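The shown structure was predicted, so the numbers you read here are calculated from the model rather than taken from an experiment.
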Amino acid sequence: MQSYLKHYIDGAWVDSEGGKRHEVIDPSTEQAATEITLGSEADVNKAVAAAKKAFKTWSQSSVEDRIALLERIIALYKKRIPDLAAATSREMGAPISFANMAQAPAGLGHFMGTLAALKEFSFSENAGKGARVVHEPIGVVAMITPWNWPLNQICAKVAPALAAGNTMVLKPSEEAPANAMILAEILEEAGVPAGVFNLVNGDGPTVGAALSSHKDVDMVSFTGSTRAGVAVATAAAATVKRVHQELGGKAPNVVLQGAELGKVLPPTLSGVIANTGQSCIAPTRLLVHKSQVGEAEEVVKAIMEATQVDSPDKEGAHIGPVVNKAQFEKIQTLIQSALDEGARLVTGGVGRPDGRNAGYYVKPTVLADVTPEMRIYREETFGPVATISTYDDTEQAVEMANDTDYGLSATISGDPVEAAKIAGKLRAGLVTINSWGPNGSTPFGGYKSSGNGREGGKWGLTDFMEVKTIVGENAA
């Protein structure tokens with residue numbers, strides 16, 4: 001078992017003040033894989049004080065210095081990808097091939113995208129006679145990140161915050177903390193000044209709440225469930241700090257009438273399979289025209305039954321377990337609730353796959369005859385589970401797609417020309433056509449209960465800045 005018992009505060013690895021030990025469970029074995037220290041409010045206060053002090057100088061650093069720092073981070077990150085991938089695979093169950101190919105490189109992509117945006121960003125522009133508008137760093141940013149794509153969501157915050165001239169305190173998920181500790185080592189070696197980046201491990205009710213409510217934190221950037229996002233916003237309200245959120249999703253996949261299903265469904269259904277379905281943009285709600293529902297069931301069934309489930313430490317294109325017991329039990333409950341409410345099982349179902357007596361492995365599952373009244377139609381499943389519902393015409397398909405509290409993403413499968421006609425009608429921050437993933441250089445974020453704010457490219461950089469108007473500096 002690996003141990004990461006210290007926090008990274010003010011440029012040094014330090015012991016916790018009053019924290020407690022916590023074991024991170026390997027979801028493939030249900031045995032402890034990593035040991036960390038869950039921090040305390042005292043640890044948070046120390047980290048925020050370090051960040052506040054460092055802001056005085058880092059906020060005045062030149063763009064050239066920030067560019068050079070990002071370039072050093074990128075070079076070191078590339079060298080550590082095998083370590084980052086191994087930590088992610090061990091703690092949240094991503095197969096090692098997927099961790100090396102997707103999980104670890106996702107964080108690198110944010111640093112590279114931010115570097116490109118920073119090189120082109122205009123920090124000052126004229127705004128009429130005698131006025132200038134400037135972008136400035138916000139201050140101390142608290143970052144609270146999840147376990148499902150840990151490096152992606154950490155780096156989507158750390159990279160633009162650094163580039164904008166902010167200082168920060170990161171609380172990574174206690175379910176997958178080791179990759180964040182390795183990232184801290186990378187930042188330290190790259191020469192991030194003391195106090196600019198701080199890391200305090202911990203849970204939401206203690207460290208997360210202390211960061212959200214802290215009077216010296218100027219912004220909270222949170223990625224996680226909508227329930228937790230509401231708690232963060234509530235805690236932050238008293239100090240009127242900026243709250244930047246990317247929350248849950250329940251993405252539809254509108255399968256257009258007449259679509260060539262064997263061609264268009266594999267790339268969009270891959271979003272339900274990849275990462276064992278643990279993606280907030282997974283297009284799990286397939287909406288199929290009633291004339292093609294039988295064919296769709298057969299295509300989806302074949303894809304899901306061809307999906308292999310195996311150990312994360314094995315190379316290959318299989319999927320691994322879900323992250324923990326709570327997630328496993330939630331998925332089982334949702335599948336059973338759908339069956340109890342009248343859904344029809346096409347393949348998969350409750351229980352572990354054959355031959356698995358331990359580990360949080362889930363059967364790739366397809367449920368048909370799912371209606372909007374069912375719980376599984378509305379709740380985020382976060383597992384390799386697809387549902388099939390039918391529509392009569394395109395207008396109804398759009399209504400069904402939008403009939404959700406969420407609005408993070410939506411997918412359309414079919415003719416791109418026809419898809420473009422309804423893309424603007426879908427209430428989601430990301431609409432993909434015959435694909436499911438975002439583009440790293442474009443803004444990512446949601447509508448409705450899926451949050452606010454954007455990450456990625458120049459939009460992500462802007463969201464970590466204040467806007468100031470200066471009037472009269474050229475007056476006689």
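Using cut-offs of 30° and 60° for the angle between ring planes, the H244 and F464 rings count as tilted. Ring planes of W13 and Y8: tilted class, angle from 30 to 60°.
For the pair R356 and Y361, the cation-pi criterion (under 6.0 Å, within 45° of the ring axis) is fulfilled. Both tests hold for R352 against F328: distance to the six-membered ring centre under 6.0 Å, angle to the ring axis within 45°. Both the sub-6.0 Å distance and the 45° axial angle are satisfied by R285 relative to the ring of Y377.
E120 and K458 are not joined by a salt bridge, as no carboxylate oxygen comes within less than 4.0 angstrom of a charged side-chain nitrogen. E30 has no carboxylate O lying under 4.0 Å from a charged side-chain N of K325, or vice versa, which leaves the two without a salt bridge. A salt bridge does not link R90 to D26: none of the charged side-chain nitrogens sits closer than 4.0 Å to a carboxylate oxygen. E136 and K468 are joined by a salt bridge, as a carboxylate oxygen and a charged side-chain nitrogen come within less than 4.0 angstrom of each other. For the pair R80 and E185, the salt-bridge criterion is met [side-chain N within less than 4.0 Å of a carboxylate O]. For the pair R378 and D405, the salt-bridge criterion is not met [side-chain N within less than 4.0 Å of a carboxylate O]. Between D43 and K46 there is no salt bridge, since no side-chain N of the basic residue sits under 4.0 Å from a carboxylate O of the acidic one.
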Inset, instruction - Please assess V385 against I331 for the test side chain to side chain contact (heavy atoms under 4.5 Å, CB included), listing each intermediate value before the final yes or no. - result: CA-CA 8 Å; V385 180; I331 295 165; 4.0 Å; yes
Inset, instruction - Start with the C-alpha distance between T268 and T411, add both sets of side-chain angles, then the distance that settles side chain to side chain donor-acceptor pair (under 3.5 Å), and finish with yes or no. - result: CA-CA 7 Å; T268 55; T411 291; over 6 Å; no
Inset, instruction - Starting from the C-alpha separation in whole Å, work towards a yes-or-no answer on side chain to side chain contact (heavy atoms under 4.5 Å, CB included) for V217 and T239. - result: CA-CA 9 Å; V217 168; T239 50; over 6 Å; no
Legend entry - Check against ring pair (Phe, Tyr, Trp, His ring centres under 6.0 Å), H318 and F98: CA-CA 9 Å; H318 57 278; F98 186 77; over 10 Å; no
Inset, instruction - Take T223 and K157 through the side chain to side chain donor-acceptor pair (under 3.5 Å) test and state the conclusion after the steps. - result: CA-CA 10 Å; T223 300; K157 304 178 190 304; 2.8 Å; yes
Inset, instruction - Apply side chain to side chain contact (heavy atoms under 4.5 Å, CB included) to the pair V220 and L211, showing each step before the final yes or no. - result: CA-CA 8 Å; V220 181; L211 284 169; 5.9 Å; no
Inset, instruction - Give the intermediate values and the outcome of side chain to side chain donor-acceptor pair (under 3.5 Å) for residues E315 and S97. - result: CA-CA 5 Å; E315 298 281 355; S97 297; 2.3 Å; yes
Inset, instruction - Step by step, work out the side chain to side chain contact (heavy atoms under 4.5 Å, CB included) result for I376 and L367. - result: CA-CA 10 Å; I376 201 166; L367 295 159; 3.6 Å; yes
Inset, instruction - Apply the test side chain to side chain donor-acceptor pair (under 3.5 Å) to residues E23 and T34: give CA-CA distance (whole Å), side-chain angles for both, the deciding distance (0.1 Å), then the verdict. - result: CA-CA 6 Å; E23 290 184 344; T34 308; over 6 Å; no
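Using a distance-only test at 3.5 Å, with no hydrogens or angles considered, no donor-acceptor pair links the side chain of K241 to the main chain of K215. Although no hydrogens or angles enter the test, the distance criterion places no donor-acceptor pair under 3.5 Å between the side chain of T88 and the main chain of A99. Here the side chain of R242 pairs a donor or acceptor atom with the backbone of D463 at under 3.5 angstrom. Of the possible polar contacts, one joining the T276 side chain to the G320 backbone as a donor-acceptor pair under 3.5 Å is found. A donor-acceptor pair under 3.5 Å is absent between the side-chain atoms of T206 and the main chain of D203, judged by distance alone. Within the 3.5 Å criterion, the main-chain N or O of G195 finds a donor-acceptor partner in the side chain of N198. Remark: the backbone N or O of A51 is paired with a side-chain donor or acceptor of T167 at under 3.5 angstrom. Using a distance-only test at 3.5 Å, with no hydrogens or angles considered, a donor-acceptor pair links the side chain of T432 to the main chain of S435. T29 places a side-chain N or O within 3.5 Å of a backbone atom of Q31 that can act as its donor or acceptor partner. Between the side chain of N166 and the backbone N or O of G139 there is at least one donor-acceptor pair closer than 3.5 Å.
Atom CD of E379 has more than 12 heavy atoms from other residues, nucleotides or ligands within 6.0 Å. More than 12 heavy atoms of other residues, nucleotides or ligands lie within 6.0 Å of NZ in K448, so this atom counts as buried by the packing criterion. Around NZ of K53, the count of heavy atoms belonging to other residues, nucleotides or ligands within 6.0 Å does not exceed 12. Around the CG atom of D65, the shell of radius 6.0 Å holds more than 12 heavy atoms that belong to other residues, nucleotides or ligands.
Minimum interatomic distance between P27 and V323 (heavy atoms only, all atoms of both residues): CB-O, 3.2 Å. Residues P137 and A164 come closest through the heavy atom pair CB-O, 3.2 Å. For the residue pair G249 and L408, the shortest heavy atom distance occurs at CA-CB, 4.3 Å. Residue G437 comes nearest to I281 through the heavy atom pair CA-CD1, 4.2 Å, listed as atom of the first residue, atom of the second, then distance. Residue L461 comes nearest to A163 through the heavy atom pair CD1-CB, 3.7 Å, listed as atom of the first residue, atom of the second, then distance. Across every non-hydrogen atom of D10 and A50, the tightest pair is CB-CB, 3.7 Å.
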N/O donor-acceptor pairs under 3.5 Å from side chains in residues 174-182, not counting sequence neighbours:
from	atom 1	to	atom 2	distance (Å)
E174	OE1	K171	NZ	3.3
E175	OE2	N324	ND2	3.2
N179	ND2	A176	O	2.8

Show which side-chain atoms of residues 101-117 pair as donor or acceptor with protein atoms under 3.5 Å away, not counting sequence neighbours.
from	atom 1	to	atom 2	distance (Å)
Q103	NE2	N148	O	3.0
Q103	NE2	N275	OD1	2.8
H110	NE2	N152	OD1	2.9
T114	OG1	H110	O	2.8

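Side-chain contact of R132 with S124: a donor-acceptor pair under 3.5 Å is present, judged by distance alone. Side-chain contact of R66 with S61: a donor-acceptor pair under 3.5 Å is present, judged by distance alone. H214 and N45 share a side-chain donor-acceptor pair at under 3.5 Å. Side chains of K250 and S450: no donor on one and acceptor on the other come within 3.5 Å.
The shortest side-chain heavy-atom distance between V24 and E35 does not fall under the 4.5 Å cut-off. In this structure, the side chains of P364 and I319 come closer than 4.5 Å at one or more pairs of heavy atoms.
Taking the ring-ring contact (aromatic ring centres under 6.0 Å, His included) definition, one finds that Y77 meets it with nothing, sequence neighbours left out.
In this structure, F382 has its ring center under 6.0 Å from that of W147.
Residue H135 holds its NE2 atom at 4.0 Å from CZ of F121, rounded to the nearest 0.5 Å. The structure places CG of L84 at 12.5 Å from OG of S89, a figure rounded to the nearest 0.5 Å. Distance check: Q332 CD to K363 NZ gives 8.5 Å after rounding to the nearest 0.5 Å.
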